[in-house]
Asker: 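The structure follows.
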Amino acid sequence: MERVEAELFTDGGNNAVVRLPGRRSPGVLIQGDSLSILRADVAEVVEAFDQGDVAGARETACLLLDGLDALLARYTAALEAHEIPRPY
């Protein structure tokens, strides 16, 4: 394990915006339990499609998209607050 100092651009929370040493742009640190939930939600979409439940797959996919949109908005707001250009 290596210990490093990172720049924190938001509160810690479940999805902190941080910049690691040597990186030009910040990233998003997602806690392990949140990552596991995200993976389970994607698996639910795939399972719904496999079962022919297009409406259920779409509903779950829309919820995933909403969550990712909120995460991207938090990331963008953190960059703007610190006058950092978007990397995309």
Asker: Is there a path of hydrophobic side-chain contacts, each under 4.5 Å between heavy atoms of I/L/V/M/F/W/Y residues, joining Ile84 to Val17?
Answerer: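 As far as the 4.5 Å side-chain criterion goes, Ile84 and Val17 are connected within one cluster.
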Asker: With clusters defined by side-chain heavy atoms of hydrophobic residues (ILVMFWY) lying less than 4.5 Å apart, directly or transitively, does Val46 cluster with Leu65?
Answerer: no
Asker: If you measure from CG on Asp41 to CG on Leu68, what distance do you get to the nearest 0.5 Å?
Answerer: 9.5 Å
Asker: Count the heavy atoms belonging to other residues, nucleotides or ligands that lie under 6.0 Å from CD of Gln31, then report whether that count exceeds 12.
Answerer: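 Check passes, neighbour count above 12.
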Asker: Calculate, to the nearest 0.5 Å, the distance between atoms CD1 and CD1 belonging to Ile30 and Ile37 respectively.
Answerer: 11.0 Å
Asker: I need the Leu64 CG to Asp69 CG distance, nearest 0.5 Å.
Answerer: 11.0 Å
Asker: Leu29, Leu20: one ILVMFWY side-chain cluster at the under-4.5 Å cut-off?
Answerer: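 No, it is not one cluster - the side chains of Leu29 and Leu20 are not joined through contacts under 4.5 Å.
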Asker: Testing the basics here: between Ala61 and Val45, what is the closest heavy-atom pair and its distance to 0.1 Å?
Answerer: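 Taking every non-hydrogen atom into account, N-CG2, 3.7 Å.
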Asker: Nearest 0.5 Å please: distance from the CG atom of Leu72 over to the CZ atom of Arg86.
Answerer: 7.5 Å
Asker: Grouping I, L, V, M, F, W and Y whenever their side-chain heavy atoms are under 4.5 Å apart, do Leu63 and Leu35 come out in a common cluster?
Answerer: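 The answer is no; the residues belong to distinct hydrophobic clusters.
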Asker: Roughly how far, to the nearest 0.5 Å, is the CG atom of Asp66 from the SG atom of Cys62?
Answerer: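 Answer rounded to 0.5 Å: 7.0 Å.
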Asker: Judged by atom type as modelled, is there a donor-acceptor pair below 3.5 Å linking the side chain of Arg74 to the main-chain atoms of Thr10?
Answerer: no
Asker: Flag the pair Leu79 / Ser25 as yes when at least one side-chain heavy-atom distance between them is below 4.5 Å, and no otherwise.
Answerer: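 A side-chain contact under 4.5 Å is absent here.
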Asker: Is Tyr75 linked to Val18 within one hydrophobic cluster, defined over Ile, Leu, Val, Met, Phe, Trp and Tyr using a side-chain heavy-atom separation of less than 4.5 Å?
Answerer: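 They do not share one cluster, since no chain of ILVMFWY contacts under 4.5 Å joins Tyr75 to Val18.
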Asker: How close do Leu8 and Asp11 get, heavy atom to heavy atom, and via which atoms?
Answerer: CD1-O, 4.4 Å
Asker: Take a 6.0 Å sphere around CD of Glu47 and say whether it holds more than 12 heavy atoms from other residues, nucleotides or ligands.
Answerer: no
